[in-house]
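Just so we're on the same page: letters track the sequence lines, and every chain starts at 1.
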Amino acid sequence: MEFNFYIAIAIFTLVYALLIWDKLNRAVVALLGATALIVFGVISQEAAIEGIDFNTIGLLIGMMIIVFISQKTGMFQYMAIKGAKMSRGDPWRILVSLSVVTAVLSALLDNVTTVLLTVPITLLITEELEVSPDPFLVSQILMSNIGGTATLIGDPPNIMIGSATGLTFMDFVFGVGPVVPLVAVGTLIPLRLIYGKSFRVSDERKKRIMEFREAEALTDRPLMMKCLAVLGMVIGGFMLQRHLHLEPATTALFGAAVLLMISKEDLHGVMEKVEWTSIFFFIGLFIVVRGLIEVGFIRLMADMMLEATGGRLITTGFVILWGSAIASSIVDNIPFVATMIPLINGMAPSFGGDAAVLPLWWSLSLGACLGGNGTIIGASANVVVAGIAHRNGHGIGFVKFMLLAYPLMLFSIAIATAYMYIRYLG
Amino acid sequence: MTAAGIMTKEVLTIPGSGTMLDAFRLLKEKKVRQIPVLDGQNRVMGVITPRALMKAILPKYVSDGLVADVKFAPELPDFIRNIDSLALKKVVDLMERDFVAVRPETSTMEVAALLVNPGKHADSVLVVDDGNRLLGIISPWDVFRRLWDYSEKKKKG
């Protein structure tokens, strides 16, 4: 028992250290850690398999398939261009409309896909306007993480929390959704104050934006109609989760299967586009955390945290909110949330059961999702945007981004703190 | 049949220190499809191809395939401007480094297989010696023509 306890902690620490070091592929690191636990006899293979949250895995795979097929139709780019044209070429309004499109898409799709779809359009538009794309890109990074906070499927931490607790799509919409528009506005106002004056362009350049033909972006209308029908069905399924008694993974995978059938897309081509690296990263990580649960480490940490916060829900809630925000700005929020979930579950009995710790789940969700905005490495979407920007000659440096984004992130957590206090913890 | 038997030995080349303007002139005057870039010891450094040139003047997010279909957008001011700036750049900065090369003893079938490899986008295969020095070049048409001649000869013989 003693031996297992220390081996599990050593493997967990090593996995975390290697993830922070970021030189080895994260899926390889997680799988090495997971299999090492089995090899050293800390947990059995059966227990390891039981530790994998197949609801999270299924939901991710299902949504990746649906989104990959949907994005081929050009409908998301249509939305971005339409938004820019509705702003009539005014740079600030374009920034706001692209931010709104990014936030809304992030709530319904994964954040990396969202920025891969919207950032190239942003670069095209800013090139036409002959203005710096920096404020647009910074805003889109921030909005992708803010928008993703609003729903169960918007950001991996929410998927994991929802899956572990049984909280539904609508629970997230009503639980954390209301604060998201406030955070979005609270982020845009400082951006306006900082960048507002750099947004003067001639009428001739504005006219160029109006020359975009958004309808031409729609490359396959029949496929788009099928995708919209399936997306509508899947999101409807999420909304009615409680009545349909279907887990989100079932809904997403059913939608993906239906779309594969009616779209007649090449199955092998679509399957290749599923991000298997992320999927195996999740699988490995779930097993590593399972090891910590089995040896009693999580229980110990839960007791220590309760002692530190005096067993008061309000203190615990704020510690989780701010702690997860700061942690998520530095390390990947997925392993962090994977560790926090059993920790909060472990504290539930002391607070009087699962219902009593509901605010703690919202604190974790808000902290982990919004915390990603603090640094350029805080979330995968941030890294992807920085990469695209760099290849196109617009560097978004680590320090430059952090000086702007970290205070904005802290401000968003302050808004979330006020929200949590008024709604749940006060 | 081997690569040495079907390759074209007289190859138009350009030194790595040359400018893109030199490369443009060669492409235009000699009507070649691509130009191997050589260092001082005749070793192949890369190839100037029309694809590489297109990539250089398109915005990266387009050439990376993030916006595969750009028919919705009007012409970008930078797209046209990039052509002027291209002329002054060095060939080493714009050449494709990921070219396909074989040894002279490579079989014709292997050369043909390399030319249809969907992952490589090679318009032709370079033939090099052990020291990576250029010996010749083979286009898909070279392979086909030599095979055709061989087949005709066999029928007659």
Donor-acceptor pairs between chain A and chain B under 3.5 Å, which ones?
from, atom 1, to, atom 2, distance (Å)
A:L124, N, B:Y61, OH, 3.4
A:E127, OE2, B:Y61, OH, 3.0
A:R213, N, B:F72, O, 2.7
A:R213, NH2, B:K71, O, 2.5
A:R391, NE, B:D64, OD2, 2.8
A:N392, OD1, B:K60, N, 3.0
A:N392, OD1, B:Y61, N, 3.1

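- Across A:A107 and A:I153, no two heavy atoms sit closer than the pair O-CG1, 3.7 Å.
- Nearest heavy atom pair, residue A:S99 against residue A:S139, reads OG-OG, 2.6 Å.
- Atom CE of A:M64 sits about 4.0 Å away from atom CD of A:E275, to the nearest 0.5 Å.
- Residue A:L137 is tested with A:N382, A:I388, A:I396 for a side-chain contact (heavy atoms from CB on, under 4.5 Å); the sole match is A:I396.
- Applying the ring pair (Phe, Tyr, Trp, His ring centres under 6.0 Å) test to every pair with at least one member in residues 197-230 of chain A, sequence neighbours left out, gives these pairs: A:F136-A:F199.
- A pairwise comparison of heavy atoms in A:L123 and A:P133 identifies CD2-CB, 3.9 Å as the closest pair.
- Heavy atoms of A:L218 lying under 4.5 Å from chain B are absent altogether.
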